[in-house]
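Below is one structure; the comments refer to it alone.
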Amino acid sequence: TSQTSMAPRLFLGLILGIMGVYGKGDCESFFGALNSTDMLITVSDVDVFDGFPYANETFVHYAGPGSECISPAPPKGCHRYYRVTYSPDCLAISSGLLRPLSGTIDTQEIIDRASGVIKGCGEHVINWSQFCYGAPAEDPIKCNCP
C-alpha cells in the first residue's frame with residue numbers, strides 16, 4: 001500500500017479511536033475485564049468501516065497489557081468484535097511488541113479477520129469470544145451477530 005492510500009485509512013482510524021474514547025462507557029463495560037497484567041488479550045473490530053458484510057478493515061481496540069483500550073464506535077452496520085486470550089507462548093503479544101497497534105487500523109494484517117486471532121498464534125488461544133455492536137458510534141447498541 002502506498003503512503004498516499006494509507007493516509008485516509010490512518011485518519012479514519014484516528015477518528016474511530018477518538019469516537020471510542022469520549023461519551024460512552026469504558027472499554028471493559030463492552031468487552032469485559034482487560035487490564036490484568038497476566039491476561040494476554042486482544043480485542044479487534046473486523047468490520048471497519050461499514051459493518052458486516054461490507055467491511056474490509058480491522059481496527060485494534062486493545063493489544064495486551066500496557067496498551068490503551070478504545071471503546072467501540074461503529075459508524076454504521078453491525079460490527080463483530082473478537083476478544084481473544086492467549087497463553088504466554090504467543091510471543092507477539094507476551095513480548096509487548098503489539099502494544100502500539102492498539103487504537104489503530106491493522107494495516108499490516110497482523111490480526112486474522114476471520115477469527116480475530118494474531119496470525120501465527122492460533123495454537124496459543126486460551127479463550128475466544130465475540131461481541132457485536134452497531135451504530136450510533138457515540139452510544140453503541142448490541143446487535144445480533146451475523
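- Among all heavy-atom pairs drawn from Gly77 and His79, the shortest one is O-CD2, 3.5 Å.
- In terms of modelled atom types and a separation under 3.5 Å, the side chain of His61 and the main chain of Ile70 share a donor-acceptor contact.
- Taking the six-membered ring for Trp, Tyr81 and Phe31 have ring centres closer than 6.0 Å.
- The sulfur atoms (SG) of Cys132 and Cys145 lie less than 2.5 Å from each other.
- Between the side chain of Glu28 and the main chain of Leu34, a donor-acceptor pair closer than 3.5 Å is present.
- Looking at Asp112, its side chain never comes within 3.5 Å of a backbone N or O of Gly116 through a donor-acceptor pair.
- Side-chain N or O atoms of Ser71 include one that pairs as donor or acceptor with a backbone N or O of Cys27 at under 3.5 Å.
- Counting only heavy atoms from C-beta outward, the side chains of Asp45 and Thr58 never approach each other to under 4.5 Å.
- For Ser102 (side chain) and Arg99 (main-chain N/O), no donor-acceptor pair under 3.5 Å exists by modelled atom type.
- A donor-acceptor pair under 3.5 Å links the side-chain atoms of Ser94 to the main chain of Pro88, judged by distance alone.
- A 4.5 Å side-chain heavy-atom check between Arg83 and Ile41 finds at least one atom pair inside the cut-off.
- When all heavy atoms of Ile111 and Ser44 are compared, the closest pair comes out as CG2-OG, 3.7 Å.
- Here the CG atom belonging to Leu91 is positioned 7.5 Å from the SG atom belonging to Cys121, to the nearest 0.5 angstrom.
- Residue pairs meeting the side chain to side chain donor-acceptor pair (under 3.5 Å) criterion with at least one partner in residues 116-136, sequence neighbours excluded, are absent.
- When every heavy atom of Cys78 is checked against every heavy atom of Pro146, the shortest pair comes out as SG-CD, 4.2 Å.
- Among all heavy-atom pairs drawn from Gly25 and Phe30, the shortest one is O-CE1, 3.5 Å.
- Side-chain atoms of Tyr82 and Arg80 include a donor-acceptor pair closer than 3.5 Å.
- A side-chain donor-acceptor contact under 3.5 Å links Ser87 to the backbone of Asp89.
- Phe52 and Phe49 fall into different hydrophobic clusters, defined by Ile, Leu, Val, Met, Phe, Trp and Tyr side-chain heavy atoms under 4.5 Å apart, directly or through other members.
- Side-chain N or O atoms of Arg113 include one that pairs as donor or acceptor with a backbone N or O of Val46 at under 3.5 Å.
- Side-chain contact between Val125 and Tyr86: present, with at least one pair of heavy atoms (C-beta onward) separated by less than 4.5 Å.
- Side-chain contact between Thr42 and Ile118 is present, with at least one heavy-atom pair separated by less than 4.5 Å.
- Smallest separation of non-hydrogen atoms from Asp106 and Val60: CB-CG2, 4.2 Å.
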